[in-house]
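Presented below is the structure to which this report refers.
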Amino acid sequence: MATVKWAENVVIIGGADKDGKALNNVIIYNIKTGNSHMLPPMLHRRTGCMAVVIENTIVVLGGSDERRRILKSVEGFNFERYSWQELPEMKETRYWATAVVI
């Protein structure tokens with residue numbers, strides 16, 4: 001799974017279930033209140049993905065899908081629209097990569 005910090009929250013993205021199948025779940029956890037809830041599911045199931053936050057958007061890249069295919073797809077969750085959208089895909093597949101925004 002990937003995790004990112006957004007404001008006072010940690011967002012947990014994708015991952016795998018107990019059988020190793022990729023998930024499209026997204027959970028947001030507020031570190032001050034201890035409350036958590038589900039965000040809308042991603043468009044693609046992903047494990048081993050990476051994510052970054054750019055302003056009010058979480059960008060999720062690559063990973064492996066439910067059929068264990070390595071992905072080059074990219075999608076973004078916009079907190080203002082409260083929805084996911086497809087973004088232009090990467091040129092190469094990525095799995096277990098890391099991303100840093102400075």
Side-chain angles (χ1 to χ4, degrees):
M1 74 180 72
T3 59
V4 293
K5 181 182 180 295
W6 181 73
E8 297 174 345
N9 303 284
V10 174
V11 183
I12 303 159
I13 304 160
D17 67 12
K18 63 182 171 107
D19 298 318
K21 303 248 180 177
L23 300 171
N24 61 349
N25 297 348
V26 183
I27 302 166
I28 188 165
Y29 171 76
N30 185 286
I31 58 177
K32 289 198 174 183
T33 67
N35 294 327
S36 64
H37 65 276
M38 301 293 284
L39 292 177
M42 289 186 291
L43 304 173
H44 301 279
R45 295 176 182 270
R46 299 173 188 272
T47 185
C49 58
M50 61 185 146
V52 296
V53 174
I54 302 171
E55 296 178 5
N56 279 333
T57 301
I58 298 172
V59 179
V60 183
L61 307 99
S64 172
D65 68 10
E66 66 274 14
R67 294 185 186 145
R68 299 192 174 163
R69 295 177 298 194
I70 308 301
L71 303 172
K72 55 182 171 179
S73 65
V74 180
E75 58 188 288
F77 180 79
N78 183 289
F79 280 97
E80 292 172 4
R81 289 192 301 268
Y82 209 74
S83 64
W84 289 94
Q85 69 178 39
E86 292 279 351
L87 298 173
E89 67 180 25
M90 297 180 288
K91 292 185 184 211
E92 297 179 19
T93 60
R94 299 272 189 249
Y95 183 62
W96 292 120
T98 58
V100 178
V101 175
I102 299 176

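Along the sequence shown, residues carry numbers from 1.
Scanning for salt bridge (Lys or Arg N to Asp or Glu O under 4.0 Å) contacts around Arg69 gives Asp65, with sequence neighbours left out. In this structure Tyr95 satisfies the ring pair (Phe, Tyr, Trp, His ring centres under 6.0 Å) test with no other residue, sequence neighbours excluded.
Atom CG in Asn78 sits 4.0 Å away from atom OG1 in Thr57 (nearest 0.5 Å).
Contact annotation: the side chain of Val60 never approaches that of Phe77 to less than 4.5 Å [non-hydrogen atoms, C-beta and beyond]. The side-chain heavy atoms of Thr93 and Leu71, taken from C-beta on, include no pair separated by under 4.5 Å. For the pair Val11/Thr3, no side-chain contact is recorded, criterion being any heavy-atom separation below 4.5 Å from C-beta on. Side-chain contact check for Val26 versus Ile12: every heavy-atom pair is 4.5 Å or farther apart. Between Phe79 and Leu39 the shortest side-chain heavy-atom distance falls below 4.5 Å.
Panel note: side chain Glu75, backbone Glu86; no donor-acceptor pair is recorded below 3.5 Å.
Residue Ala7 comes nearest to Lys5 through the heavy atom pair O-NZ, 2.6 Å, listed as atom of the first residue, atom of the second, then distance. The heavy-atom pair separating Ile58 from Trp84 by the smallest distance is O-CZ3, 4.2 Å. Here the shortest heavy-atom pairing between Ala22 and Thr47 reads CB-N, 4.0 Å. Cys49 approaches Ala2 most closely through the heavy-atom pair O-CB, 3.7 Å.
When only modelled atom types and interatomic distance are considered, His44 and Glu66 share no side-chain donor-acceptor pair under 3.5 Å. Under 3.5 Å, the side chains of Asn9 and Asn30 contain a donor-acceptor pair of N or O atoms.
Cluster annotation: Ile27 and Val52 are assigned to distinct hydrophobic clusters (Ile/Leu/Val/Met/Phe/Trp/Tyr, side-chain heavy-atom contacts under 4.5 Å, transitive). Cluster annotation: Val53 is connected to Tyr82 through the hydrophobic network of ILVMFWY side chains, with a link wherever side-chain heavy atoms come within less than 4.5 Å.
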Tell me, with the steps shown, if Tyr29 and Asn35 meet side-chain contact (heavy atoms from CB on, under 4.5 Å).
-> CA-CA 6 Å; Tyr29 171 76; Asn35 294 327; over 6 Å; no
In sequence, state the C-alpha distance, the side-chain angles, and the governing distance for Lys72 and Lys91, and then conclude on side-chain contact (heavy atoms from CB on, under 4.5 Å).
-> CA-CA 7 Å; Lys72 55 182 171 179; Lys91 292 185 184 211; over 6 Å; no
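Checked against Ile13 for a side chain to side chain contact (heavy atoms under 4.5 Å, CB included), the options Arg46, Met1, Met42 give a single hit: Met42. Here the options are Glu80, Arg81, Gln85, the test is side chain to side chain contact (heavy atoms under 4.5 Å, CB included), and the partner is Ser83; only Arg81 passes.
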